[in-house]
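I have placed the structure first, in the form of structure tokens, so that the comments after it can refer back to it.
Just so we're on the same page: letters track the sequence lines, and every chain starts at 1. Atom set for the values below is all heavy atoms of this structure, side chains included, hydrogens, waters and symmetry mates excluded.
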Amino acid sequence: MRRIGLEIHCQLTGLESKLFCPCRSDYRGMAPNTNTCPTCMGVPGTLPRLNRGALRGALLIGMALGCKTPERLAFFRKNYFYPDLPKNFQTTQLDAYWHSSAGGPGSVDLGGGSVRIRRVQLEEDPGRITYGGEGRNRTTLVDYNRAGVALVEIVTEPDLEDPAHVRRFVSALADLLENLGVTDPGLEGAMRADANVSVGDGARVEVKNVGSFRDLERAVRFEITRQEELVSRGGTVAGETRQWDEGRRITVGARVKEDDPDYRYFPEGDIPWIRLDRGTASSLRASLPEGIAERRARYAGLGIPAQVADVLSSDSHYSALFDRAHTGPDAKEIANLVTSDLMGLAATREERRGSGVTAGGLRDLAAAVISGRLSRKSAKEALLRMHEGGGDLEGIIREAGLGNVTDSAEIAGVVAEVIAEEPGAAADAASNPEAVNYLVGMVMKKTRGRADPAATISEIRRALGG
Amino acid sequence: MTDIGISALEYVEGFRSGSISAEDFVAATLERIRGIDGDLHALVAVREEALDEARRVDKVARSGGDPGPCCGMPVTLKDNICTADTPTTCCSRMLEGYVPPYEATVSARLRGAGAVLVGKTNMDEFAMGLTTEFSAFGPTRNPWGTDLVPGGSSGGSAAAVAACECSASLGSDTGGSVRNPASFCSVVGFKPTYGLLSRHGLISYANSIEQAGPLTRTVRDAALMLDVVAGPDPMDPTTVGPCGPYLAGTEAGIEGRRVGIIREMVGDGVDGAVASAARDAASRLEGLGASCSEVSIEAARYSVAAYYVITSTEAGSNLARFDGLRYGAAREGSGLAYPDYLEEARSLLGPEVARRMVLGALVPSAGHAGRYFLKAQKARGALTREVAAAFKEFDFLLSPTVPVLPFELGSRIDDPVSLFLVDANTVAANLTGRPAVSVPYDIRDGRPVGVQLMADSMRDADLLAAARALEGVSRVEGGPP
């Protein structure tokens with residue numbers, strides 16, 4: 001049997017400031033050590049000032065993952081020496097000394113089966129270390145811009161069994177966290193995961209340093225294979241921490257056997273203990289946004305096909321746009337436009353932000369398709385123009401000449417031209433439906449797809465005396 | 001000749017009436033420091049620029065402005081309170097020459113109220129000690145006899161106040177570090193309710209129990225200090241309020257108040273002179289209309305053990321940041337692995353700090369936490385319950401501040417356990433977060449004896465009134481010889 005547990009770290013990127021000081025939560029792109037203050041640098045005498053928004057975010061995450069909401073919360077110090085920790089201890093959470101972390105035991109099914117959550121805890125991110133040079137010129141550079149950013153650690157029980165489930169779980173988790181509005185999983189380093197892997201009765205191996213979800217799946221797959229092969233050759237798996245080597249796509253054991261670290265946890269007295277009364281907890285719970293599964297069901301109720309509903313409901317940005325745009329009867333068409341066209345045009349956060357597509361624009365576009373005024377092809381082009389330059393649909397149709405030609409006189413003119421150019425096909429048309437289709441195709445070609453198909457067929461029939 | 005022996009309040013009144021100028025008073029104080037501190041070593045930094053600051057106070061007053069309630073009063077701060085313009089070393093080689101990038105809230109409030117900082121005071125390294133002998137810069141001597149320790153860890157503050165090197169000082173009290181030296185040097189030392197004074201800028205030793213507190217020559221001076229520095233601070237989420245006023249209520253007296261004499265602190269094992277002074281104080285309070293009877297705080301006997309487990313745990317963590325990467329004199333670390341460099345850097349820490357950090361590494365560790373840290377927390381809980389129960393029966397609890405008379409320098413420094421027991425009467429207030437004050441009461445064999453009063457949380461103003469009453473019946477007359 002394979003047992004895989006995950007420790008997922010997620011930065012609360014939606015916050016303005018760090019967990020315990022007013023420095024920016026978004027440190028990306030800043031020159032090293034410019035996003036710091038005495039508090040996050042651990043200058044002697046400074047004290048942490050808890051960011052209430054961070055606590056709220058951590059509690060929401062716990063609730064969304066089906067975790068028990070604690071009544072008494074505290075922070076703890078995890079003591080260890082490492083140059084990326086300004087105080088040489090990390091302020092984190094633990095269930096000890098009569099107090100709990102932001103989320104207690106629970107379980108959640110994000111597709112693929114239920115996974116138990118051991119704990120959700122709020123803690124501070126350490127700084128970042130860059131190693132450089134070789135031999136005597138080896139350097140270790142530390143950047144504390146990230147130090148103190150609010151981080152939520154989600155610890156699962158070893159309930160996952162195969163690498164594909166791991167990938168599905170973390171990607172669904174990323175959708176869930178984004179949907180909660182607490183994090184943007186697309187930001188570099190915003191979500192990081194370690195895996196604990198064991199096979200059979202073997203010892204637990206921790207795999208660290210995994211940079212992406214794709215690599216997490218690879219690392220877990222490699223580790224399972226490695227352990228199973230070892231066992232099949234009569235070996236035993238040693239409990240250890242292994243690093244993922246991104247380049248070689250293998251896990252590597254630490255050269256030196258680390259002792260079981262003793263973090264000497266004890267309660268942090270500088271942050272007053274928090275008692276969460278029932279009223280606060282239930283109003284927090286009431287503020288949870290609609291879950292992805294509930295949303296999927298709601299979309300299915302609007303007549304949207306399962307696959308489209310799946311894609312749309314797991315994307316918080318586009319589902320919100322969809323919800324603003326549709327009026328009910330047009331839901332299916334708008335869902336289609338969003339999932340098959342718009343999501344491809346604007347995938348990244350920047351592209352989304354720069355997009356000129358509005359809820360109103362989508363609504364107009366869907367109406368034009370439903371009424372037959374725009375072909376699907378033209379609608380796609382109009383959407384592209386709307387995305388790139390904004391503007392209302394009427395203007396775009398006029399400018400680009402996209403409107404369907406429904407005027408029978410105009411179509412009759414084109415039909416006459418085509419019959420004159422294709423006498424053979426015209427002759428066959430009376431007996432052969434294929435020939436009619438061919439003539440329709442030629443009319444479409446001349447009108448760049450804008451001719452109304454029904455009107456075209458009736459004009460051809462009329463011209464040929466049908 | 002300016003009399004610098006007057007109380008802080010007398011100075012303030014003199015300044016307001018125009019009979020004393022800040023410049024004259026501060027100049028005389030600096031002169032006093034030059035004359036005596038060579039013998040006492042109460043200060044580790046003297047600020048000559050204080051004179052200019054005093055002149056500015058005078059100028060503000062002359063031009064009709066308000067120089068604040070402290071109006072040029074010369075003060076000192078223990079050297080673990082951050083000052084952005086003066087080194088703050090905790091009397092450790094680790095922080096030698098370190099100038100903090102910000103000002104502690106208590107210092108900012110005090111100086112903002114017009115107090116003039118004349119110096120930083122000597123202390124046991126990182127406030128770990130009871131005699132000031134563990135200062136990396138050499139011990140402070142007791143103004144009542146230079147062969148005696150001044151107590152600690154705020155020994156520099158107590159000696160400076162007793163010897164009139166300042167009108168008032170702020171120390172810090174983790175297990176008695178304000179009250180113990182106040183008792184040994186015969187000055188007033190006040191440890192406020194936990195959270196009454198901001199700890200922002202007080203360099204942490206044992207953060208869950210320590211508080212800054214005033215050392216002054218009179219109880220009313222301590223109240224004046226609290227009026228200026230107490231109160232909530234957004235930079236310290238553990239601060240509480242509202243609070244005060246303090247000075248206004250100090251003459252309320254003690255009539256009708258119930259005083260409990262802590263039986264364990266006046267019985268066996270306590271120095272006879274000290275115990276009899278405490279009983280004498282109680283009988284004089286009865287003379288003022290208080291009712292006194294004995295009360296037992298049984299958990300008090302575990303308090304020293306619990307105190308050392310908790311403080312060592314917190315100290316081990318609070319001082320972990322002193323790894324030589326960001327603090328500590330520049331050392332040749334190139335080529336050393338981090339653990340070796342760490343070891344090298346930590347050799348800057350003195351023996352008492354090292355002892356407590358080793359303890360701090362052991363007692364909360366996975367294999368030992370159940371036996372030590374958890375037990376200490378339970379003892380703290382039991383003590384808190386017992387003290388809370390006692391305050392249902394009594395308004396104040398009375399005991400000697402320290403179970404022994406001031407002793408000679410060097411006499412106990414090699415015996416950590418006998419030193420630790422010097423804290424026996426003071427740690428309960430810290431472990432339970434209650435306010436407590438040491439008031440000079442008597443001189444026995446030429447050695448000062450202080451009496452401690454403790455009150456329930458947030459009853460700091462009442463406690464000051466009781467302390468003022470006790471001060472009124474004190475047998476001490478005048479300062480050191």
Toward chain A: residues of residues 313-322 of chain B with heavy atoms under 4.5 Å:
B/Thr313, B/Glu314, B/Ser317, B/Asn318, B/Ala320, B/Arg321, B/Phe322

Partner chain A: residue of B/Ala361, B/Ser208, B/Ser204, B/Ala104 with the largest heavy-atom pair count (under 4.5 Å)
B/Ala361

Count the heavy-atom pairs under 4.5 Å between each of B/Ile209, B/Asp323, B/Val363 and chain A, then report the option with the highest count.
B/Asp323

Is the number of heavy atoms from other residues, nucleotides or ligands under 6.0 Å of [X] [atom1] greater than 12?
X        : atom1 : answer
A/Arg28  : CZ    : yes
B/Tyr302 : OH    : no
B/Arg355 : CZ    : yes

Nearest atoms (heavy-atom pairs only) where [X] meets [Y]:
X        : Y        : result
A/Gly269 : B/Tyr194 : O-OH, 4.3 Å
A/Trp98  : B/Lys378 : CZ2-CE, 4.5 Å
B/Pro237 : A/Pro272 : O-CG, 3.3 Å
A/Pro38  : B/Tyr102 : CB-CD2, 4.4 Å

With only heavy atoms counted, which part of [X] is less than 4.5 Å from chain B, the side chain, the backbone, both or neither?
X       : answer
A/Arg77 : side chain
A/Pro83 : both
A/Tyr82 : backbone
A/Phe89 : side chain

So, are A/Asp270 and B/Arg199 salt-bridged, with charged N and O less than 4.0 Å apart?
yes

Would you compute the distance between atom CG of B/Leu202 and atom OG1 of A/Thr46 and round it to the nearest 0.5 angstrom?
11.5 Å

Show which side-chain atoms of residues 364-377 of chain B pair as donor or acceptor with protein atoms under 3.5 Å away, not counting sequence neighbours.
unit_1: B/Ser365; atom_1: OG; unit_2: B/Leu362; atom_2: O; d: 2.6
unit_1: B/Ser365; atom_1: OG; unit_2: B/His368; atom_2: ND1; d: 3.1

Side chain B/Arg326, main chain A/Pro86, donor-acceptor under 3.5 Å:
yes

